[in-house]
Amino acid sequence: MTPKDVTVVGAGLAGAMLCGFLGRRGHRVTAFESRPDLRTTDIDAGRSINLALAARGIAALDDLGLMGDVEPLLTPMRGRLIHDRDGSETLQPYGSRPDEVIYSVSRSDLNAVLLNAAGASGDVTIRFEQRCTGGDLGSLRFRDYRSETEYDHHPGTVFGADGANSRIRDLVLAASGGTVTIDPLDHGYKELTLPAAPDGRPLLDPNALHIWPRGGFMLIALANLDCSFTCTLFIATQGPDASLEALDSPEQVETFFGHHFPDFATLMPDLAAEYLGKPDGALATVRCTGWSAGDRAVILGDAAHAIVPFHGQGMNAAFESCTVLMDAMDRHPEDWGTAFAEFEAVRKADVDAIADMALENYIEMRDSVRDERYVLKRRLALELERRWPDRFVPRYSLVMFRTIPYAEAQRRAQRQAAVLDRLTAGVDRVEDIDFDLAARLVADLHPEEVAR
Ligand code: FAD
């Protein structure tokens with residue numbers, strides 16, 4: 001592949017990873033990031049302090065040879081720990097095998113590993129506090145926040161990894177004739193930090209993803225390495241009662257948490273001050289076509305396919321997109337226009353599928369996990385996988401522990417859901433399931449897709 005001059009806009013998770021892949025292939029990379037360098041400046045990590053890392057993200061990090069650096073940053077989570085209103089707790093394991101776990105990881109620590117790797121990968125320069133404000137694909141306009149000046153940059157090929165509100169997407173779509181729809185969710189979030197106990201111990205089990213499901217809203221918590229937890233309330237943005245809008249005074253916050261999450265409220269010091277001091281977060285799904293403009297520019301990550309966070313897959317999908325794009329560029333090293341078009345052709349159905357599954361998972365997490373029929377089907381799914389592991393793999397596992405394309409996972413899961421519906425009709429316990437019928441139904445599910 002002939003080395004080229006390329007510009008990456010955005011050095012968040014996807015942009016920093018892309019810099020590493022492009023640098024390793026010998027390209028001369030200049031990246032522009034609007035925020036300060038998080039390795040040298042004490043800035044907050046932006047959205048979500050920590051994230052769930054799963055198989056797809058791990059596969060991409062492995063491709064870059066980075067898992068050795070990332071592993072010390074990980075806290076394994078082996079299932080959902082459901083906190084009921086009465087204070088009781090139930091663990092719903094994520095998988096049927098001990099290695100089927102997901103990992104809590106700090107966004108800024110992971111980003112730092114990727115930035116270090118990018119810098120070491122070749123001719124890669126990352127310029128911080130530089131925001132792309134517009135221009136066109138032949139000459140991008142930037143604002144330098146350090147000197148408060150504006151300048152133009154001739155970018156070579158542009159890779160837009162500048163997140164859900166991407167400027168580069170606007171420029172690419174103007175050239176490609178593509179379209180974007182941004183569907184805001186009518187629920188948003190508030191992030192709180194639950195500190196470690198005074199003796200330094202964690203106040204919750206660090207090896208689970210904690211959920212307080214309450215029907216119309218939920219609280220979740222993921223562990224950090226310092227034994228604190230990042231806790232996120234997902235709730236309607238507007239409305240007279242349970243909403244971000246309504247929780248606007250210390251009294252409202254204390255009454256609300258005391259009523260719905262009493263066990264959590266007793267653990268959390270200065271709850272109202274913590275809550276009211278944190279910004280409201282907004283959530284949206286970005287669906288876009290026309291991801292590239294010939295060989296001049298391409299977008300990826302949240303810029304092309306932002307999703308709601310309820311499957312813990314936005315970053316995992318962004319990382320996987322980096323590898324899908326690189327595969328296409330490796331297949332067409334001298335024809336990036338074809339590579340970029342192929343990238344979208346291969347990837348679009350998959351990111352649409354995970355966008356849908358992520359929206360569905362919000363209902364599952366905040367509501368269904370408490371439902372007896374849901375719990376029965378979930379237990380049965382794990383049992384079917386235990387008996388016929390090459391034919392039945394629960395949807396959650398297909399998305400989180402496998403790398404089968406998302407669209408195939410979605411199709412497969414729909415067929416499996418029909419099997420679960422049929423087997424659980426009129427049955428209340430896994431012990432009463434007709435496993436002869438199960439054997440016949442599962443035999444019709446083809447094994448090849450779940451092998452990956
Ligand atoms: P971003 O991370 O948004 O990075 C874009 C970068 O571009 C930023 O650094 C930004 O400063 C920079 N930038 C933006 N505009 C410009 C500009 N004009 N010029 C220069 N630079 C610019 N995903 C998971 O896989 N697991 C999870 O558990 C998970 N949890 C989440 C929880 C919450 C509450 C939210 C909101 C998201 C969560 N996600 C999760 C999704 C994940 O955060 C995103 O999918 C991921 O960050 C996408 O990476 P990205 O690099 O494409 O975009």
Side-chain angles (χ1 to χ4, degrees), residues 7-19 30-38 43-58 60-61 77 102-108 110-111 114-115 126-135 140-145 153 155 158-171 185 187-191 209 220 222 230-234 278-286 299-322 351 354-355 358 361-362 365 399-400:
T7 293
V8 176
V9 179
L13 294 169
M17 173 172 275
L18 204 54
C19 286
T30 310
F32 295 84
E33 165 56 48
S34 56
R35 293 162 65 83
D37 187 344
L38 50 76
I43 50 168
D44 74 67
R47 304 163 308 156
S48 80
I49 292 162
N50 57 20
L51 305 126
L53 176 69
R56 294 163 201 272
I58 290 172
L61 290 163
M77 298 182 286
I102 59 174
Y103 298 94
S104 174
V105 64
S106 144
R107 180 187 290 268
S108 50
L110 183 56
N111 211 152
L114 289 164
L115 290 170
I126 303 175
R127 302 186 57 193
F128 293 94
E129 297 179 69
Q130 313 292 317
R131 171 174 289 279
C132 179
T133 55
L140 296 176
R141 187 112 185 115
F142 284 92
R143 176 155 197 87
D144 181 340
Y145 284 139
H153 167 75
V158 183
F159 293 81
D162 49 343
N165 299 314
S166 171
R167 287 294 290 139
I168 301 300
R169 183 174 65 222
D170 299 339
L171 305 182
L185 195 69
H187 285 214
Y189 67 95
K190 185 78 95 170
E191 216 165 62
L209 190 150
I220 69 167
L222 277 76
T230 302
C231 312
T232 314
L233 175 69
F234 292 99
K278 292 291 175 69
D280 294 350
L283 299 168
T285 303
V286 172
I299 53 173
L300 89 170
D302 275 13
H305 50 74
I307 59 177
V308 295
F310 306 112
H311 223 306
Q313 279 292 309
M315 164 191 68
N316 286 283
F319 285 172
E320 194 173 57
S321 284
C322 289
V351 294
I354 189 57
N361 234 39
Y362 188 27
M365 286 177 81
V399 171
M400 303 304 275

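Every number for a ligand or one of its atoms is a count from 1 in the order of the listing. Only a predicted model underlies this, so the values are computations on that prediction, with no experimental measurement involved.
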I'd like to know whether ligand 1 has [X] as a neighbour, heavy-atom separation below 4.0 Å.
| X | value |
| --- | --- |
| H311 | no |
| T232 | no |
| R107 | yes |

Quick one: which ligand 1 atoms are inside 4.0 Å of a heavy atom on [X]?
| X | value |
| --- | --- |
| R167 | 18 (N) |
| G312 | 24 (C), 25 (O), 26 (N), 27 (C), 28 (O) |
| G10 | 7 (O), 12 (C), 21 (N) |
| A161 | 5 (C), 6 (C), 7 (O) |
| L13 | 47 (O), 51 (O) |

Tell me the nearest of [options] to [atom], using heavy-atom distances.
| atom | options | answer |
| --- | --- | --- |
| atom 25 (O) of ligand 1 | E129, M315, R35, E191 | M315 |
| atom 38 (C) of ligand 1 | P309, A317, S321 | P309 |
| atom 8 (C) of ligand 1 | K190, E33, R127, E320 | E33 |
| atom 28 (O) of ligand 1 | A282, A52, A358 | A52 |
| atom 41 (C) of ligand 1 | C322, G314, A14, C132 | G314 |
| atom 16 (C) of ligand 1 | N50, V105, D162 | D162 |

- Message: Treating E191 as the side-chain partner and I49 as the backbone partner, does any N or O pair qualify as donor plus acceptor under 3.5 Å?
- Response: yes
Residue-level breakdown please: for [X] versus ligand 1, do any non-hydrogen atoms fall below 4.0 Å on the side chain, on the backbone, on both, or on neither?
| X | value |
| --- | --- |
| R131 | both |
| S166 | neither |
| Q313 | backbone |
| Y189 | side chain |

- Query: Got a sec: does the CG of D280 have more than 12 other heavy atoms crowding it under 6.0 Å?
  - Reply: yes
- Of all pairs that satisfy salt bridge (Lys or Arg N to Asp or Glu O under 4.0 Å), the ones with a partner from residues 304-315, not counting sequence neighbours: none
- Task: Please identify each residue that fulfils ring-ring contact (aromatic ring centres under 6.0 Å, His included) with F319, with sequence neighbours left out.
- Result: none
